[in-house]
*Asks:* 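First the structure, then my questions, so here it is.
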Amino acid sequence: MGNVTKQASTRFSIVRRSKGQSAVEKASYISRSVLMSEYDGQTYRPKYHEDLVHSEISLPPNAPKKYADRATLWNAVELSEKGQKSQLARMLKASLPNDWSYELAEEVVRDYVQRNFVDKGMCADWAIHDSENDKGQRNLHIHVLLTMRPLTENGEWGAKQKKVYDLDENGEKIPVIDKKTGQQKVDKRNRKQWKCHTADSTDWNSKENAKMWRKDLADTINATNEQLGIAVHWEHRSFKEQGIDREPTIHIGAVANALERKGIQTERGNINREIIKRNMMLEQAKAMLELAKQEVQSIQYTKIRNAVVSVKNEVLEMIAKVAKRKGRLDLPIVSGKHLRKISDRTALQSADNAEKFITTRKIDSFECLAKFTEDREQKYQQLETVHLSKGQKLNRLKELSKMYALYAPIQATYKESQSLKGLAKMRYDKEHKESLSKYPELKERMQSLLQNGEKITPKQWKAEIQSLQSEYDSIGKEQTKTATELAYAEVISYNKKNLERELQNESRQHNKQQIKAKRREEEI
């Protein structure tokens, strides 16, 4: 469809009483309204309300009309569940295109909720939120809270599970046999007992449903984008399902997300930053590996190989023997130091790739391979040291810039306050009370990041960050290329040892068979 692909963010979860969760509290959160729970007696007051775009309740035909009231609906759900481990509701949170208008988002979400949930008998409480981070980036998204018990025709809550009799090949119920008497068992009321099991009353809990709901939302967004001429394709499948070797980020949560928007780093936010960093390194490694493949293919490999055929090369001979026996090289059972950093390990098993690696680097013996490995290992260590050093400097400058972005406007307010006197100062301080109260803490945090005698120079920091980032990325690419070379060396060295071990075992087995054959001849 479009020339840009976006990974859809769609998350289903269960509201569980065993985790101290409340369906009323979740309804309060997504609708940004104050609700009181009859089950626990608590009144829930959402902390935020400015991001609410729209909220609505959609009901199936057999639902009581009173359930159109949010408090009535979710208190009825809470009171219908008696257990301390009850599952109260299903929640969906999903992103929407930021290019959409609020009216369009409302229309599309209403249709999606109706088709996928309400038409199947669920009551749906849904809302659209639109927030903005400190960089001005929007986050248009939906929350959908769904009931888990089916409603009967008269509008009462039904059972989540039902008893289903097991049937034989003729479709008849299977009796429960008493092992002692050999007769069919009966219960205390003298009723015959039949084999049975419990099953969900609906298919709402099926994992296949979740996949279908995710796909339907992505398909709906893509169809709408196509009509609007928005060249962005939303992909509902996970990286793993797409066969993409990339680590997904974790769900950060509302509380942590609010702190992150204020510039306060959280544990889950730090985890996501590390995941993003690892994914970037992985992409760099893939790019370098692909580049290496292209470079190798462009070399006139046939001429090089023909030139060395007349010269004995024990490394190439070993690779040829392993390839003849197995069709490919073996990977070490325990990944080596550098092998574990390579995502496309199948390329390392190719005998052709291994031969190209040896010939292009003019390695003609295992002694030469060991020397090559030693040199590349030293180079890698040097690159790693420089890369780490520049990364630390880069992170510090980014932290300084981020802190200054928070500190600068507060400092300006403080300076303005200090320049005023009398009633003007009193009025100004009163109007900016919250900002002025933050000044001492932000000043202390800013000073703590500065080194001895260091001045605040945001423009210089920005220039240094750009320069360092370029150097950091360049060193990272060189480091990836060197790691790939070392991984090839690890695989080739392992196959030499493994081939020697296998040949020794085969030789011992052959000698044993000869001895046995000789003994049989002597006995005859």
Side-chain angles (χ1 to χ4, degrees), residues 11-27 37-41 58-67 72-92 115-125 144-216 238 240-241:
R11 181 175 180 266
F12 284 95
S13 60
I14 300 296
V15 181
R16 304 174 188 271
R17 189 172 283 162
S18 60
K19 292 186 176 181
Q21 297 172 333
S22 163
V24 175
E25 187 274 330
K26 297 299 182 184
S37 171
E38 297 174 19
Y39 179 81
D40 59 20
S58 302
L59 300 174
N62 57 326
K65 292 183 179 179
K66 62 182 180 180
Y67 286 172
T72 303
L73 170 62
W74 294 112
N75 273 304
V77 168
E78 289 275 5
L79 295 175
S80 71
E81 301 293 346
K82 308 301 181 184
Q84 293 298 315
K85 297 183 179 180
S86 295
Q87 296 184 354
L88 305 172
R90 178 177 285 105
M91 278 198 76
L92 161 65
R115 287 186 293 103
N116 287 278
F117 309 119
V118 180
D119 287 350
K120 289 181 170 57
M122 299 177 228
C123 301
D125 186 356
V144 184
L145 194 61
L146 302 163
T147 53
M148 299 187 71
R149 281 186 181 274
L151 285 165
T152 62
E153 291 184 2
N154 59 6
E156 295 180 353
W157 296 114
K160 291 180 180 177
Q161 292 187 322
K162 60 184 178 181
K163 182 169 71 173
V164 179
Y165 287 104
D166 297 336
L167 303 178
D168 61 18
E169 57 186 10
N170 297 319
E172 301 292 336
K173 291 192 291 186
I174 303 172
V176 178
I177 305 298
D178 189 317
K179 292 182 180 179
K180 292 183 179 179
T181 64
Q183 301 296 318
Q184 184 175 3
K185 283 187 177 182
V186 294
D187 59 19
K188 293 181 179 179
R189 297 182 182 180
N190 204 35
R191 294 179 301 188
K192 293 181 179 180
Q193 294 188 25
W194 307 91
K195 289 185 178 180
C196 61
H197 63 277
T198 57
D200 289 339
S201 301
T202 67
D203 65 349
W204 302 347
N205 285 329
S206 169
K207 291 183 178 179
E208 293 302 315
N209 262 340
K211 292 180 181 179
M212 180 184 68
W213 293 332
R214 288 190 181 95
K215 183 178 185 301
D216 187 87
S238 67
K240 184 177 181 181
E241 289 171 328

*Asks:* Just to verify, what does Ile174 make a side chain to side chain contact (heavy atoms under 4.5 Å, CB included) with, not counting sequence neighbours?
*Replies:* Asp166, Asp168, Lys195
*Asks:* Could you tell me the separation between the CG atom of Asp178 and the CD atom of Gln193, rounded to the nearest 0.5 Å?
*Replies:* 9.5 Å
*Asks:* From Arg11 CZ over to Arg214 CZ, what is the distance, rounded to the nearest 0.5 angstrom?
*Replies:* 10.0 Å
*Asks:* Can we say Lys160 and Glu81 salt-bridge, meaning some charged N sits less than 4.0 Å from an Asp/Glu carboxylate O?
*Replies:* yes
*Asks:* Kindly compute the distance separating CZ (Arg90) from CE (Met122), expressed to the nearest 0.5 Å.
*Replies:* 6.5 Å
*Asks:* For residues Phe117 and Trp204, establish whether the separation of their ring centroids is below 6.0 Å.
*Replies:* no
*Asks:* Search all heavy atoms of Ala23 against all heavy atoms of Val15 and return the closest pair with its distance.
*Replies:* N-CG1, 4.0 Å
*Asks:* Tell me yes or no: between the side chains of Asp125 and Trp74, is some donor less than 3.5 Å from an acceptor?
*Replies:* yes
*Asks:* To the nearest 0.5 angstrom, please state how far the NZ atom of Lys185 sits from the CZ atom of Arg191.
*Replies:* 15.5 Å
*Asks:* Side-chain contact test, heavy atoms from C-beta onward, threshold under 4.5 Å: evaluate it for Met91 versus Lys26 and give yes or no.
*Replies:* yes
*Asks:* Would you check, one step at a time, whether the test side chain to side chain contact (heavy atoms under 4.5 Å, CB included) holds for Trp157 with Leu151?
*Replies:* CA-CA 5 Å; Trp157 296 114; Leu151 285 165; 3.5 Å; yes
*Asks:* Does Gln21 reach the main-chain N or O of Arg16 with its side chain, forming a donor-acceptor pair under 3.5 Å?
*Replies:* yes
*Asks:* Evaluate the side chain to side chain contact (heavy atoms under 4.5 Å, CB included) criterion for residues Ile14 and Met148: first the C-alpha distance (whole Å), next the side-chain angles of each, then the deciding distance (0.1 Å), finally the verdict.
*Replies:* CA-CA 10 Å; Ile14 300 296; Met148 299 187 71; 3.9 Å; yes
*Asks:* For the atom pair CG (Leu146) and SG (Cys123), what is the distance rounded to the nearest 0.5 Å?
*Replies:* 9.5 Å
*Asks:* Is there side-chain contact between Thr72 and Tyr67, with at least one heavy-atom pair below 4.5 Å?
*Replies:* yes
*Asks:* Closest heavy-atom contact between Ala124 and Val118?
*Replies:* CB-CG2, 4.0 Å
*Asks:* Are Gln84 and Ser18 close enough that a side-chain donor and a side-chain acceptor fall under 3.5 Å?
*Replies:* no
*Asks:* How many angstroms lie between atom OG of Ser58 and atom CG of Asp119, to the nearest 0.5 angstrom?
*Replies:* 10.0 Å
*Asks:* Looking only at side-chain N and O atoms, does Asp203 offer a donor or acceptor that is under 3.5 Å from a partner on Ser206?
*Replies:* no
*Asks:* Taking Asn62 for its side chain and Thr152 for its backbone only, find out whether a donor-acceptor pair lies under 3.5 Å.
*Replies:* yes
*Asks:* Is a donor on one side and an acceptor on the other found under 3.5 Å between the side chain of Asn75 and the backbone of Glu38?
*Replies:* yes
*Asks:* Would you name the heavy atoms of Gly83 and Arg17 that are closest together and state the gap between them?
*Replies:* O-NH1, 3.0 Å
*Asks:* Are Leu88 and Glu78 side-chain neighbours, meaning at least one heavy-atom pair lies under 4.5 Å?
*Replies:* yes
*Asks:* So do Leu73 and Lys66 actually touch side chain to side chain, heavy atoms under 4.5 Å?
*Replies:* no
*Asks:* Could you check if a side-chain atom of Asn116 sits within less than 4.5 angstrom of a side-chain atom of Asn209, using non-hydrogen atoms only?
*Replies:* no
*Asks:* For residues Ala159 and Arg149, report the shortest heavy-atom separation together with the two atoms involved.
*Replies:* CA-NH1, 3.6 Å
